[in-house]
Amino acid sequence: MTTNRTVIERAWKDLNPKVRHEYLAIKENVQFINGKAYTADGRDVDHLIEAVPKIKTPTYKQRGGLNAITELADHEKEHGGFVFAFFSAAKTMEEQFPDLAQSDLARLMFIGTYTAWETGQLKHDNGVPLDKKGLAKLLDISRPAFNKFYASLLAGGILSEEGGLYMNPALFYRGNLGDVRKQLGDVQYTRLFRKTVRELYAMYNGRTIKQLALIYAVLPFTNFNFNVICFNAEESNADLVRPMKLENLAAMLGYQDTQKLVTALRKIKYNGKSVFALVEADGDKRARKVIVNPAVVYAADGQSLDAIKILFR
């Protein structure tokens, strides 16, 4: 006679070892908010917490969900962890930061990766705080350019000086997503991978920094689940996503010549791979779609991660 315990043990054994490890990690570190389970970074794992103990045979969906979490955790680790970047969907960064130049957006994105866990203080990875002088050294730009940029950050409420330098949590945050979202309300967010962004900044800091700013500029139009640039970035149903043509994106970003945008997008590489994939349908170049490399930004739960990564191999 097969006991319930035997069935559960078999089901548990069938799971990938990494999935079992991830499940146990979630089980140990889960937080319950309003009766639902969340990980420390704010991921909703309520359906997974009960998946293993109650299963008679693990369903394809349950195994898929657990594998997706493991895949995402590996992806996050590979790219140096992440910081949550917040923004208003379908609203250009120029509208959101009217006092910042295009090159400043790249610098802001770079600074955001130094946001410390929960406190929001700017710190090196070893925990040493960044002061104004240290920030100037990190950015590696001329003194006049830094002073102007720094003054804009303070005036715009992006940074504050309160016994240290602190990032506005409405822009970049590391910690429990649920906590900060309660305060921010209806905003869009994504994961910005720290190692990737820093390496890109080291490569493009100089005359090409405006190209790097394109990464930050397209965030409001990058779909939460599929990383395709579209008109409805928060749509989770693939059938309803409305991809944006290059000419539309060019107009949004202030490019009068679409080809110049194409050239700029193609020039940005990370580890020899494109940061932006241009997908052509039926040979119609005018209808090309743009997909963002998930090594740079990715917001979803991991279910679509492998499919997107294939485009950048």
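Since the model is a prediction, treat every value here as computed from it, not as a measurement.
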Can any side-chain N or O of D131 pair as donor or acceptor with the backbone N or O of G164 at less than 3.5 Å? no
Passes side-chain contact (heavy atoms from CB on, under 4.5 Å), Q121 versus M167? Steps please. CA-CA 6 Å; Q121 187 174 8; M167 176 60 67; over 6 Å; no
Between E118 and R174, does any side-chain N to carboxylate O distance fall below 4.0 Å? no
When F276 is tested against each of V218, I291, V262 for side chain to side chain contact (heavy atoms under 4.5 Å, CB included), which residue passes? V218
All heavy atoms of F312 vs all of V275, minimum pair found to be CE2-O, 3.8 Å
Side chains of K91 and P220, heavy atoms from C-beta outward: is any pair under 4.5 Å? no
Side chains of L265 and L261: closer than 4.5 Å at any heavy-atom pair? yes
State, without any angle test, whether Y270 and E199 hold a side-chain donor-acceptor pair at a distance under 3.5 Å. yes
Step by step, would you call T222 with V228 a side-chain contact (heavy atoms from CB on, under 4.5 Å)? CA-CA 6 Å; T222 304; V228 62; over 6 Å; no
Side-chain heavy-atom pair P294, F193 within 4.5 angstrom cut-off: no
Can we say K148 and D104 salt-bridge, meaning some charged N sits less than 4.0 Å from an Asp/Glu carboxylate O? no
With a 6.0 Å cut-off (strictly less than), is the heavy-atom count around NZ of K289, excluding the residue itself, greater than 12? yes
From L219 CG over to Q188 CD, what is the distance, rounded to the nearest 0.5 angstrom? 9.5 Å
Between N225 and S304, what is the shortest heavy-atom contact and its length? O-OG, 2.6 Å
Under 3.5 Å side-chain donor-acceptor pair for E95 and T92: yes
How about F84 and T190: do any of their side-chain heavy atoms sit closer than 4.5 Å? no
Which class fits the ring pair F172 and Y216: parallel under 30°, tilted 30 to 60°, perpendicular over 60°? parallel
Between Y114 and F110, how do the two ring planes meet: parallel, tilted or perpendicular, split at 30° and 60°? perpendicular
Correct closest heavy-atom pair for V128 and N126 would be N-OD1, 3.0 Å
In this structure, which one of N168, L192, V83 forms a side chain to side chain contact (heavy atoms under 4.5 Å, CB included) with T115? V83
Side chain N232, main chain R242, donor-acceptor under 3.5 Å: yes
Looking only at the side chains, is there a donor atom on one of K269 and S274 sitting less than 3.5 Å from an acceptor on the other? yes
Check the side chains of T119 and Y166 for a donor-acceptor pair under 3.5 angstrom, ignoring hydrogens and angles. no
Which one of Y298, Y189, F87 satisfies the ring pair (Phe, Tyr, Trp, His ring centres under 6.0 Å) criterion with F224? Y189
CD1-CZ distance between I229 and F226, expressed to the nearest 0.5 angstrom: 15.5 Å
Minimal heavy-atom distance between C230 and P243, with the atoms involved, is CB-CA, 3.7 Å
Shortest non-hydrogen contact from L108 to L100? CD2-CD1, 4.0 Å
Carboxylate-amine/guanidinium proximity below 4.0 Å for D125 and R198: yes
Hey, mind stepping through L130 and K123 against side-chain contact (heavy atoms from CB on, under 4.5 Å) and telling me if it holds? CA-CA 5 Å; L130 277 163; K123 292 183 178 181; over 6 Å; no
4.5 Å side-chain heavy-atom contact, I111 and L139: yes
Would you check if H75 and L305 make a side-chain contact, meaning some heavy-atom pair closer than 4.5 Å? yes
Here the gap from M93 atom CE to M109 atom CE, rounded to the nearest 0.5 Å, amounts to 9.5 Å
To the nearest 0.5 Å, atom CD1 of I141 lies from atom CD1 of I209 at 7.5 Å
Return the CD to CD distance between E76 and E71, rounded to the nearest 0.5 Å. 11.0 Å
For V292 and I215: C-alpha separation, side-chain torsions, deciding distance, then whether side-chain contact (heavy atoms from CB on, under 4.5 Å) applies. CA-CA 8 Å; V292 185; I215 295 172; 5.6 Å; no
Salt bridge or not between D74 and K77? Use side-chain N to carboxylate O under 4.0 Å. no
Can any side-chain N or O of Q96 pair as donor or acceptor with the backbone N or O of S88 at less than 3.5 Å? yes
If you count every heavy atom of other residues, nucleotides or ligands that lies below 6.0 Å from K267 atom NZ, does the total exceed 12? no
Between Q259 and R288 the two heavy atoms that sit nearest each other are OE1-NH2, 4.4 Å
Does any non-hydrogen side-chain atom of T196 lie less than 4.5 Å from one of V297? no
Gap between atom CZ of R107 and atom CG of L138 - 0.5 Å precision: 12.5 Å
Would you indicate whether the side-chain heavy atoms of F86 and L171 approach each other to under 4.5 Å? no
Step by step, work out the side-chain hydrogen bond (donor to acceptor under 3.5 Å, both in side chains) result for T113 and Y201. CA-CA 11 Å; T113 67; Y201 186 82; over 6 Å; no
